Structure formats: structure tokens, C-alpha cells
2 protein chains.
Amino acid sequence: MARSRDALTHDRVLQAALALADSEGLEALSMRRLGTELGVEAMSLYRHVPNKEALLDAMVDAIVHDWIDDEAVPAADWRGRIAAIMHRAHATLLARPWAIELVTVRPRVGDGRLRYAEAITTALLEAGFTPQLAHHGLHIVDGTVMGFTAQQARRPSAAALGDRVHALYNGDLTADYPGISVTIREHHDHAEEYSLMVDLVIDGLARLRDGLLPPRTGSGASYVLSLA
Amino acid sequence: MARSRDALTHDRVLQAALALADSEGLEALSMRRLGTELGVEAMSLYRHVPNKEALLDAMVDAIVHDWIDDEAVPAADWRGRIAAIMHRAHATLLARPWAIELVTVRPRVGDGRLRYAEAITTALLEAGFTPQLAHHGLHIVDGTVMGFTAQQARRPSAAALGDRVHALYNGDLTADYPGISVTIREHHDHAEEYSLMVDLVIDGLARLRDGLLPPRTGSGASYVLSLA
DNA sequence: GGTGTATGCTTACGCCGTAAACTATGCCAC
DNA sequence: GTGGCATAGTTTACGGCGTAAGCATACACC
């Protein structure tokens, strides 16, 4: 058979998948489509990738991998180092919206993920956090990076919202929603708000370490619902 | 034709969908499967639901709707009220893992969502937050509820992880990952850790309002990547 | 030349959401 | 009653999906 100009490889498949997701979004990424993109039948891809899940995992790892470049983490104190990682991850994820869906939904442990976790953890340990608090802190940082970013990215734009939001803008629902009616006109961009959140989290971690954060709210166990 | 014992209604379809998702997860919820669950052909469902997306949205609204029961929000100060809502939402979501996927990925604005946003916003405004800070605060609270919870729920259990994690437990990777090797043995449950996060966030909001949270990390603009 | 192995193609299976057309039932005005 | 019409559910079918199984080609090495 006439061989294609360039042989298929795992890396070529991965790069094509990244490119396709970048240009047309995750939902356009099917094996058949990816095949035609590479001038090849869908089943040919399975010579280089065990299945689609594995391909998605490889895409995730490609994303997370450069959160911790050697030069990306400055030689600052723990606050600066953690902030730098958080901002870098945020920027990477917002630049590729589909990456958020993949990274948050597929928490596989790869090299990139481990290096990222290690960087956060050592920064906390060196800053005097106990192992237990460092463990919590990693989750808090990770939850903020992944969770807050995802929430930001998926927050519906005012344009895409329904009639009710227009009514809110017009002040027609002030009686029902007085608070939102006041605040809905506030605007700000994601980077700025994320920056605020990063500062809040890092400050909170420091206060946690120093015992300055009195528990006020209890464990919340009383709010557990009995679901029918 | 022999009519089924009970006529199909939008609500019966919705309840069956919730039950199916509860018992077998979101991926089991197909229109065909839902039909057989109700003793009916798949296409019959379309008399009561415009399409599957609308059904999922209805499921989301059913979840979010009881985050703000009238009795659920205690007559406490703003911290207590926000903490109560956050804990209630967290408990609801963790009790139904599939709900996390739906609620975070489908940010449609329904009544439940608005009441939830309103409760948070008014609590902040009454506590003396400026409209701008209240707007940020809503996003911070919402991001924590949705994002941190989602991150917790999807965090892979040690049992489900690969060889590398076992190696970490055994201390075989101490050279490569000294930090994680120390902290990986720490354990805690989700409710406890979430409680910590809630306290951290509420404390941070108060400090934000009072101008006690100095911006330390900059906007992070310098970390924006130029993606190939 | 012959053989082994890697690579890609063809076909097919069982899922999915849902459009379109059809059938069976219940109700109501005449 | 009876004709007409709305409602509820069925049947069939279309185009998509991931991928299992088997076949065809092409190259490397003897």
C-alpha cells in the first residue's frame, strides 16, 4: 500500500489530537475525525494508542507537564513560588478551554502531576508546615488551581444567559434578588480575580500554619442531608 | 393501546433519571435505558422532555434548588450563613457524585442558582462588602463550593492509583519526590478538609473587606504562556 | 527469494441521541 | 352516535460513536 508521506507515530497522533482540540474543541475529537485529520483511517490510530482514554490521558500529561518548567518556578520565598505555579497553571488552562475539562475530569497521576505536587509540597514543608498541614495545603492549592479555574472558565457569559439575566440588568427583579441586582453590573477579568483568590489562599495558608485561623464554622456534619 | 399503569409526566421522567443516576451513575443514563426503566420506549420520553440536555438541566436545578431551603440558612452572622450554605452544598454534592459533573459542567441559570447566588451576595453586602468585593466574593465562594468539591470528589483514591503511588508509599521515590514521600501518608476525610477550606475562605473574605490582605503576588500576567 | 513483523485498511457490532411517520386512545361539539 | 382532533406512545431509520477481528501490504533481514 502507498505509505503516507510521514509514518504515523504516537507523538504525531498526540500532536494532531492537541491541534484538533485547540481548533475545534474537545467534542470534535473523535477517532474517526482524528484519522481523517492525519489522512488515515480511524483504526490505524490504534496501532499507536491503546484506546481513546489513553490518548486523552496523554493530552492531560502534555498540559500539566509544563506547569513546572525548570525556569518557571522562581527562586522566591514559598509564597512567590506557589503563586508562580498557580498563575502558570491558570494561564495554561484558560488558554486551552478544553484542557480544563480533561485535567479536572481525568485526575491520573503522571510525571507532570507528581512534579507539580512535589513543588507545592516542598515549598510548604520548607516554610514550616507540618506534614499534615502540607498535605491539606497541597489539596487547597490544587483545588484552587483546578476548581476555581474550571469554575471561572465555565461561568456563563452575560451574553449567553437567558431572559432572567437581562431582567436582572434592567432592575426588573430587584424585589426578588436585591443583592444580585446591585452586584451584577460589576465587571472584572478572570486573571485579576484569580490573582485575588491566589493571594487569599496563600495568606490563608500562612495563617493556618501560624494558628491564626480559628475554626468558626464547625465540621458541617449537621448539614449532611438524608437523601431519599 | 394499553395505557401504562401510571401516565408518564415530566416529573416522573425527572425522578426516574435522578434515581437511575443515583443507582448506576451518569454514564448509565441514556434515553433508551431511561425508557426501559419506566417501561416505555425511548422516544416516548420526548413527549415530556424536549431533549436530553433539557433533562440534565432539570436534574441540575433539582440539586441546586435545596441548597437554600428556608430553614437551611440559620439566622447567624454572615460567616455562619455562608458557611452553612457552603457545607450544605458540599454535602449534597458529595452524596451524589454524578451531581458534581452535572452542576459544574452545566452552569445554567435557574431559580435555584439565583436564590443561592442571592443568599451569598446579600450576606456579603450586609456585612459591609462593597458591590465589587461582593461580586468577587460570590465567585470565590461559588468557585470553592463547586471547584474544591469537584476536585475532592475526583481525587483518585490511593487504591485506584498506579504503581508509582505504591512506590511512593514504600519510600522508593524519596530521592525524586522528597516532599510527597513525607506527606503521602497523611489522611483525612473530605468533610474535615472542606471545613478547613471554608474557614480559610471566609476568613480571607473578611480580611479582604478590611484591607488586611496585601497583594503580594502581582497579577500573574508575566506567567501567561505563548502557546504554540 | 523467502519469511517475519509492523503498519494500515476493511468490515462489522452494539451503543448513542433523535427526526419522522404511524397508531391507538380519550374527549368534545354536534 | 359520530366525526374531528389533540395526546401519548410506538416503530423505523439515520448518522454518529468506540473498537474488536481479520486482511493486505510493505519493509528488514536471512
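Each chain gets a letter, A, B and so on, in the order its sequence line appears, and its residues count up from 1. All figures in this text were calculated on a predicted structure; none of them were measured in a lab.
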Practice problem: Name all pairs fulfilling the salt bridge (Lys or Arg N to Asp or Glu O under 4.0 Å) condition that reach into residues 48-63 of chain A, sequence neighbours left out, sorted by first residue then second. | Solution: A/E53-A/R106, A/D57-A/R106, A/D57-A/R108

Self-check item: Separation of atom CG in A/L38 from atom C1' in C/dT7, rounded to whole Å
Solution: 14 Å

Self-check item: Full working for ring pair (Phe, Tyr, Trp, His ring centres under 6.0 Å) between B/H87 and B/Y194
Solution: CA-CA 8 Å; B/H87 278 117; B/Y194 183 72; 5.7 Å; yes

Quiz item: Atom CE of A/M31 and atom C1' of D/dA20: how far apart are they, to the nearest Å?
Solution: 13 Å

Quiz item: Of the nucleotides C/dA20, D/dA21, C/dC22, which one has an atom closest to the side chain of B/R47?
Solution: C/dC22

Quiz item: By a strict heavy-atom criterion of less than 4.0 Å, which residues belonging to residues 48-63 of chain B are in contact with DNA chain C?
Solution: B/N51, B/K52

Quiz item: For A/L29 and D/dG16, what is the distance between atoms CG and C1' respectively, to the nearest whole Å?
Solution: 15 Å

Self-check item: Pairs satisfying salt bridge (Lys or Arg N to Asp or Glu O under 4.0 Å), at least one member in residues 169-187 of chain B, at least two apart
Solution: none

Quiz item: For DNA chain D, whose closest nucleotide is more 5', that of A/M43 or that of A/R33?
Solution: A/R33

Quiz item: Is the base of D/dG16 touched by the side chain of A/R32 through a donor-acceptor pair closer than 3.5 angstrom?
Solution: no

Exercise. Could you check if a side-chain atom of B/R12 sits within less than 4.5 angstrom of a side-chain atom of B/L38, using non-hydrogen atoms only?
Key: yes

Quiz item: Are OP1 or OP2 of D/dA8 and a side-chain N or O of B/S44 less than 4.0 angstrom apart?
Solution: no

Practice problem: List in chain and number order the residues that pass salt bridge (Lys or Arg N to Asp or Glu O under 4.0 Å) with A/E118, two or more places apart in sequence or in another chain; answer none if no residue qualifies. | Solution: none

Practice problem: Return the 5'-most residue of the pair A/A42, B/T9 with respect to DNA chain D, ranking by each residue's nearest nucleotide. | Solution: B/T9

Quiz prompt | Inter- and intrachain pairs under ring-ring contact (aromatic ring centres under 6.0 Å, His included), touching residues 100-120 of chain B, at least two apart | solution = B/W67-B/Y116

Quiz item: Do A/V145 and A/H90 touch side chain to side chain, with heavy atoms closer than 4.5 Å?
Solution: no

Practice problem: Grab the stems for DNA chain D, please: at least three consecutive Watson-Crick or wobble pairs, both distances below 3.5 Å, written as range with range. | Solution: C:1-30 with D:1-30

